[in-house]
Amino acid sequence: MTYTPRSRDVFKNLSAVLTGVVTFATVTATGAATGLAARETALRDQAREQEQARVDAAAREAARHTQTTPVVIRQRPQRTVVHTRVIDAASAAGVARVGPGGTISGPNTGSSAKTSASSRASVQSAPIPSPAGAVAPVPAPSSGS
Amino acid sequence: MSQANGPKALRWRALGTYVFLATSPPAVLDDAGRVARDLLDIVDQTCSRFRPDSDLVRANGRAGSWVAVNPLLVAAVGVAVEAARETDGLVDPCLGRSMIHLGYDADLGIVQRRTDASRIGSAPSLRPETWREVGLDPEGAIRVPDGCALDLGATGKAWASDLVAAAVVDRLGCHVIVSVGGDVTVDGPCDSGHEPWAVSITERPDADDGTLVWLAGGGLATSSTTVRTWSSGGEVNHHLLDPRTGQPISGYWRTATATGRTCVAANTAATAALVLGPDAVGWLDERSVAARLVAADGTIRTVATWPHEEPKGRLAPRSLEGGI
């Protein structure tokens with residue numbers, strides 16, 4: 001086609017139209033795409049929200065189920081920890097020293113004299129009779145073994 | 001563990017013997033029992049001569065060398081060495097090989113069930129005062145003297161009794177009485193008094209003719225040649241050896257009960273008395289140890305401040321029997 005001002009304008013107009021069409025189409029497409037993406041995004045969000053709702057509901061159900069389950073108390077194994085001070089006290093220098101101690105009394109002097117635990121080496125004074133109705137303790141055994 | 005009816009006390013077996021435990025107030029008895037049981041388990045794991053996995057067996061197996069062990073064993077051996085020092089060797093922890101030679105190489109129940117048992121190996125040579133060569137590192141190591149094996153039977157139960165009592169008081173703040181195989185400890189908070197505890201003294205665990213005394217504090221221990229016996233090489237043996245000969249003591253006294261500031265001190269005195277024989281009364285008297293001795297013929301002799309006993313005749317004579 002001979003390029004003339006008329007053809008130029010036609011071309012220009014046509015170009016504009018085409019451009020516009022293209023543009024419009026592009027915009028439209030973009031918009032459509034945007035809209036489509038937006039819709040898809042919305043759908044995805046909706047799906048995600050629905051999924052989260054399902055998860056939350058399941059968790060609530062599980063919690064309700066747990067609360068209705070009988071609680072079982074299990075005893076944890078207990079371990080005795082012996083402090084060094086205990087071992088030191090039982091093993092200190094002098095524990096094997098033979099000598100007076102272990103304040104002792106017999107049936108002729110009664111069974112219920114109060115004495116201070118710190119005066120183990122002292123001679124025991126006359127005892128106070130046991131209160132009436134007092135329950136005699138079970139004797140600790142001391143025998144060959 | 002089983003509880004007695006009426007006044008509360010716990011009884012069970014540990015360390016190859018019986019254990020008795022009572023507390024004041026009784027409400028803490030179960031807690032005290034847990035403390036005691038756990039502690040005695042640890043003592044058994046570290047100090048037993050019959051457990052192949054114990055620290056003591058491991059140390060004995062490497063005599064002459066330093067061996068890393070539980071510090072608890074170091075403490076136990078330290079107490080045993082002090083008892084030897086206190087008695088110039090009458091109470092000696094280095095008699096393990098002599099015990100084994102006589103046939104006491106396993107738990108007593110196993111040894112007693114053997115028939116036609118013979119002596120094991122040749123009699124070990126005795127080195128005077130071998131106990132002075134024992135090496136102790138409180139951080140956790142011991143050295144058993146070369147050619148020696150440690151046996152803590154002379155002080156182990158008494159020390160365990162003191163240890164359990166101290167642990168119960170430390171943990172629960174109560175008053176307590178513990179008996180481990182007849183080795184008794186009374187303990188409690190230092191700032192409070194308590195009624196004395198009743199103790200029944202017999203020669204054998206199954207006897208019912210006990211002498212009743214009351215112990216306000218400290219320790220009381222009974223040792224006897226009439227219970228822990230077995231046969232080997234055609235002879236009846238018992239577990240109390242004379243360190244000077246490596247053989248069972250002659251039995252001038254067959255049972256001794258003594259008191260002390262601690263149960264270890266009481267047991268050291270009782271064991272030394274049996275080894276000393278006729279010299280025991282003077283030795284105990286010099287040290288003001290209240291004690292009760294039963295001669296081979298059943299005659300009872302008391303020493304120092306031991307409470308007067310109404311004479312009830314001699315106890316029945318006993319001969320060594322091969323077993324309980």
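Predicted, not measured: the structure shown is a model, and the values here were computed from it. Within every chain, numbering begins at 1; the chains are lettered A, B, ... in the order of the sequence lines, protein sequences first and strands thereafter.
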Full working for side-chain contact (heavy atoms from CB on, under 4.5 Å) between A/Ile104 and B/Trp214: CA-CA 5 Å; A/Ile104 190 172; B/Trp214 279 262; over 6 Å; no

Flag, side chain of [X] to backbone of [Y], donor-acceptor distance under 3.5 Å:
| X | Y | answer |
| --- | --- | --- |
| B/Thr259 | A/Gly101 | yes |
| A/Ser145 | B/Gly181 | yes |
| A/Thr103 | B/Gly217 | no |
| B/Glu203 | A/Ser143 | no |
| A/Ser142 | B/Gly182 | yes |

Enclosure of A/Glu51 CD (heavy-atom neighbours >12, cutoff 6.0 Å): yes

Under 4.5 Å from any heavy atom of chain A - which part of [X]:
| X | result |
| --- | --- |
| B/Ala270 | neither |
| B/Val184 | side chain |
| B/Ala266 | neither |
| B/Ile177 | side chain |

Worked check of side-chain contact (heavy atoms from CB on, under 4.5 Å) between B/Val289 and A/Val98: CA-CA 7 Å; B/Val289 175; A/Val98 174; 3.5 Å; yes

Return the [atom1] to [atom2] distance between [X] and [Y], rounded to the nearest 0.5 Å.
| X | Y | atom1 | atom2 | answer |
| --- | --- | --- | --- | --- |
| B/Thr262 | A/Arg97 | OG1 | CZ | 10.0 Å |
| A/Ile87 | B/Leu72 | CD1 | CG | 5.0 Å |
| A/Ser91 | B/Asp162 | OG | CG | 9.0 Å |

For chain A, which residues of residues 13-26 of chain B have heavy atoms nearer than 4.5 angstrom: B/Thr17, B/Tyr18, B/Phe20

